[in-house]
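Lettering follows sequence order; numbering is per chain, from 1.
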There are 2 protein chains.
Amino acid sequence: MSLGPDPVKSRRRATIADVARAAGVSPSTASVVFSGKAPVAEATRERVLAVAADLGYTGPDPRAASLRRGRSGIVAVALEEHLRTAFLDPVKTAMMDGLTDGLAELGAGVLLLRDDPGAGPDAPTLATAPIDAAVLIGCSPRMRETLEAVRARGLPIVVIEGDAGDDVPRIELDNREAAAQIARHLLALGHRRAAMVTLPFDSGRERGDATSERIAAITTPVTRERLEGVREVYPDARVVSAGASMIDEGLIAGRLLFADPEDRPTAVMAQSDLIAAGVIRAAEEAGLQVPQDVSVAGFDGIAVDGLGEHVLTTAVQPAAEKGRAAGAAIARMLAGEQAASIRFTCTFREGTTTGPAPS
Amino acid sequence: MSLGPDPVKSRRRATIADVARAAGVSPSTASVVFSGKAPVAEATRERVLAVAADLGYTGPDPRAASLRRGRSGIVAVALEEHLRTAFLDPVKTAMMDGLTDGLAELGAGVLLLRDDPGAGPDAPTLATAPIDAAVLIGCSPRMRETLEAVRARGLPIVVIEGDAGDDVPRIELDNREAAAQIARHLLALGHRRAAMVTLPFDSGRERGDATSERIAAITTPVTRERLEGVREVYPDARVVSAGASMIDEGLIAGRLLFADPEDRPTAVMAQSDLIAAGVIRAAEEAGLQVPQDVSVAGFDGIAVDGLGEHVLTTAVQPAAEKGRAAGAAIARMLAGEQAASIRFTCTFREGTTTGPAPS
DNA sequence: TTGTATGCGTTATCAG
DNA sequence: CTGATAACGCATACAA
């Protein structure tokens with residue numbers, strides 16, 4: 001008796017109106033039964049639910065609900081890179097983790113979007129997806145264009161580690177200051193010959209020794225800020241750029257730094273822990289001991305798989321908190337309030353990879 | 001004359017109807033101008049666009065469009081674990097990468113969902129999010145419940161590496177056969193004392209030597225299949241389970257295996273490359289040479305950061321292709337066709353980490 | 001506590 | 001090539 005899915009015509013899926021009618025209540029009552037937004041007599045409630053089950057009605061259609069409510073419960077997270085690349089970076093993963101948590105608390109889901117129009121003709125974009133807000137991870141020049149579409153729609157936006165204009169709240173790090181702190185630590189240890197291995201300068205991912213022109217043309221703010229911080233202390237430090245934040249890239253850069261036995265740095269500041277791990281490996285490969293022969297510092301404070309017994313000297317950044325803060329900022333803006341930019345600070349951590357300069 | 005944003009009352013955002021009216025065309029024509037679904041006279045088109053710009057109309061509201069179309073352009077990807085955990089695994093990352101690509105081709109975005117009802121009271125779930133289909137990564141018992149809600153909604157579902165019932169298409173791997181192939185390779189090399197380090201048996205992530213009861217109770221299909229494959233060749237191999245697919249976990253398991261100099265395996269089959277990397281490190285730590293003293297094989301065929309000069313002997317799985325295939329299957333189902341399960345095969349790769357058994 | 005009425009912003013259909 | 005019309009499925013203000 002409860003088998004046939006549709007009592008009347010079996011073409012259409014049941015709607016809340018069908019349920020209401022079959023249960024002998026009004027649509028609004030049925031709606032309230034499902035949303036719980038108002039009290040309903042227990043008897044009514046049960047009757048509605050029973051009828052719904054009978055009709056195979058599984059709850060309000062989210063599409064219709066979001067039209068009516070004006071909210072979809074979805075927040076876009078826009079990445080500049082390929083997923084594979086983004087999640088190779090433990091810092092980004094941790095951040096995404098905090099972000100998804102923060103957004104979940106707010107009742108929103110995360111729509112992963114890559115800022116790449118080349119995908120499909122009708123692939124969803126920041127401009128066309130049914131989203132309530134957007135979080136940008138980084139902000140390339142191209143992304144800024146897309147951004148305009150979102151702003152025009154009047155949706156809240158937050159940028160993590162990027163600049164999208166003064167009126168878009170940012171979640172940032174005191175990159176410069178933290179980098180300077182590391183540099184001062186090494187200076188205090190007596191190091192005179194310092195070098196740094198940076199994150200990529202731009203999306204080109206060019207590697208190797210940097211000319212002053214290349215440095216002047218850095219478009220990635222994080223790279224620039226950390227570099228400037230070091231230069232406050234070591235204005236003349238050798239600068240080698242890595243192609244990405246990866247152990248292998250650090251290894252390549254490290255081999256370059258340690259190639260000439262006559263002209264080696266005694267301290268290397270890497271702009272990420274992964275790069276630092278590679279530099280350490282390069283040092284060991286060159287027969288150098290860390291930290292006796294060369295000190296190596298990183299940046300990020302993540303757990304690097306592959307460091308052996310070393311504990312990296314580094315600037316620990318609150319990656320997950322950054323993500324969570326972005327979620328909170330979105331929540332505030334969704335509630336109609338203004339959200340201010342937030343600047344997180346890193347915590348210096350002295351590990352076992354830095355020590356006094358060799359005499 | 002073109003300044004005032006709103007001709008009538010300036011409270012509401014402009015709708016396509018406003019645009020149509022102001023441009024002196026019908027709503028349907030205006031709609032077509034934006035969707036491009038039908039030819040429109042160039043003059044009309046330009047007029048509509050001009051008026052739209054004037055009114056600050058930025059294109060159709062995705063919420064309304066998805067209600068009308070019955071499609072939201074969003075596909076849910078449900079993970080069993082925390083994001084951080086999921087993306088720690090390079091195989092999953094690669095798979096997600098292929099998946100996002102595959103779905104983008106189809107014009108869909110990816111809504112990241114964790115199968116955790118504990119998040120927020122109104123956090124989106126498989127049951128309540130405006131999605132057109134769902135891809136499950138793995139399929140825990142709890143997830144199977146959630147699943148029912150999705151099926152009741154009549155949405156297409158695909159499961160990657162998991163069992164959600166016979167009528168849900170799966171994307172799988174020939175885990176058993178590939179594992180057996182590795183085992184046969186080692187047997188052919190003369191190894192008699194073989195051990196294996198497995199992936200977690202269940203969500204408990206218990207570590208260490210496995211009793212036959214524990215083995216009988218394995219709930220993770222991947223673990224079970226790879227284990228069975230090895231046992232076809234080495235029925236009595238020692239079995240140690242790792243707590244996760246990580247280098248560190250492999251290191252722990254390896255230390256256990258190599259603890260007793262009198263009773264060491266000469267060949268270790270790890271159920272993932274990351275675990276294998278840890279086992280190799282443990283071997284070296286114990287003063288063993290790979291592959292002279294002990295052979296180590298992995299599984300996955302991913303690039304492991306931290307293996308040094310070793311090239312792992314492993315079963316290379318087409319991770320990104322799995323994701324892409326899931327996307328393709330969804331596309332087919334969305335088009336109303338039936339999608340069959342797909343079983344991918346691994347490619348055996350002989351590296352430098354396995355060699356003849358020591359005499 | 002329940003019911004009535006209305007509109008959310010589109011787009012498919014079909015006739016012109 | 002364009003226009004009129006009719007849903008799409010629901011949630012809310014307000015009245016009862």
Side-chain angles (χ1 to χ4, degrees), chain A residues 9 11-48 51-52 55-73 122 127-132 153-155, chain B residues 6 9 11-48 51-52 55-73 122 128-132 153-155:
Chain A
K9 36 187 175 181
R11 198 77 219 108
R12 230 181 58 239
R13 286 196 82 69
T15 73
I16 203 172
D18 300 330
V19 174
R21 198 175 319 119
V25 301
S26 79
S28 47
T29 303
S31 172
V32 168
V33 166
F34 286 101
S35 74
K37 297 242 177 192
V40 179
E42 186 54 23
T44 324
R45 196 183 121 72
E46 281 176 7
R47 187 151 34 92
V48 170
V51 169
L55 259 45
Y57 179 77
T58 55
D61 179 333
R63 285 178 282 263
S66 65
L67 172 58
R68 179 61 237 241
R69 292 200 160 113
R71 289 269 165 94
S72 67
D122 40 25
T128 64
I131 55 175
D132 296 337
R153 275 217 265 160
L155 302 181
Chain B
D6 268 288
K9 37 187 172 182
R11 195 82 217 106
R12 230 182 57 240
R13 286 196 81 72
T15 74
I16 202 172
D18 299 331
V19 173
R21 198 175 319 119
V25 300
S26 78
S28 32
T29 301
S31 172
V32 167
V33 165
F34 287 101
S35 74
K37 296 240 180 197
V40 178
E42 186 54 25
T44 321
R45 195 183 121 73
E46 280 177 6
R47 187 152 33 93
V48 170
V51 169
L55 258 46
Y57 179 76
T58 56
D61 179 334
R63 284 179 284 260
S66 63
L67 172 58
R68 178 60 239 233
R69 288 205 237 254
R71 290 271 164 91
S72 66
D122 40 24
T128 64
I131 56 176
D132 297 336
R153 277 217 264 160
L155 303 182

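- How far CZ of R153(B) is from CD1 of I131(B): 5.0 Å, rounded to the nearest 0.5 Å.
- Contact check, T29(B) against dG3(D): a side-chain N or O comes under 4.0 Å of OP1 or OP2.
- As judged by a 4.0 angstrom heavy-atom cut-off over every strand, S66(A) is placed among residues making no nucleic acid contact.
- Under the side-chain contact (heavy atoms from CB on, under 4.5 Å) test applied with V48(B), the options V32(B), V40(B), V19(B) reduce to a single match, V19(B).
- As a whole-Å value, the separation of K37(A) NZ from dT2(C) P is 19 Å.
- Taking atom CD1 of I16(B) as the reference point, atom P of dC8(D) lies 20 Å away to the nearest angstrom.
- Using a 4.0 Å heavy-atom distance criterion, V32(B) is classed as making no nucleic acid contact.
- Contact annotation: side chain of R68(B) to base of dT11(C), donor-acceptor pair present below 3.5 Å.
- No contact: S35(B) has no heavy atom under 4.0 Å from any strand.
- Inter-residue side-chain proximity for V51(B) and R21(B) is flagged as unmet; no heavy-atom pair is nearer than 4.5 Å.
- Across all strands shown, V25(B) has heavy atoms under 4.0 Å from sugar-phosphate atoms exclusively, and none from any base.
- Annotation: side chain of D61(A) is not in contact with side chain of R13(A) (no heavy-atom distance under 4.5 Å).
- Summarising the geometry, the separation between CZ on R63(B) and C1' on dG7(C) is reported as 15 Å, rounded to the nearest angstrom.
- Annotation: side chain of T128(A) is not in contact with side chain of P62(B) (no heavy-atom distance under 4.5 Å).
- Using a 4.0 Å heavy-atom criterion, one finds that T15(B) contacts the sugar-phosphate atoms exclusively.
- Residue order along DNA chain D, read from the 5' end via each residue's closest nucleotide, puts L67(B) first among R69(A) and L67(B).
- When distances are taken from the side chain of A65(B) to each of dC1(D), dA4(D), dT10(C), the shortest belongs to dT10(C).
- As a whole-Å value, the separation of D18(B) CG from dT10(C) C1' is 13 Å.
- Rounding to whole angstrom units, CZ of residue R21(A) and P of dG3(C) are separated by 14 Å.
- In this structure, Y57(A) reaches the sugar-phosphate backbone alone: every heavy-atom distance under 4.0 Å involves primed, P, OP1 or OP2 atoms, never a base.
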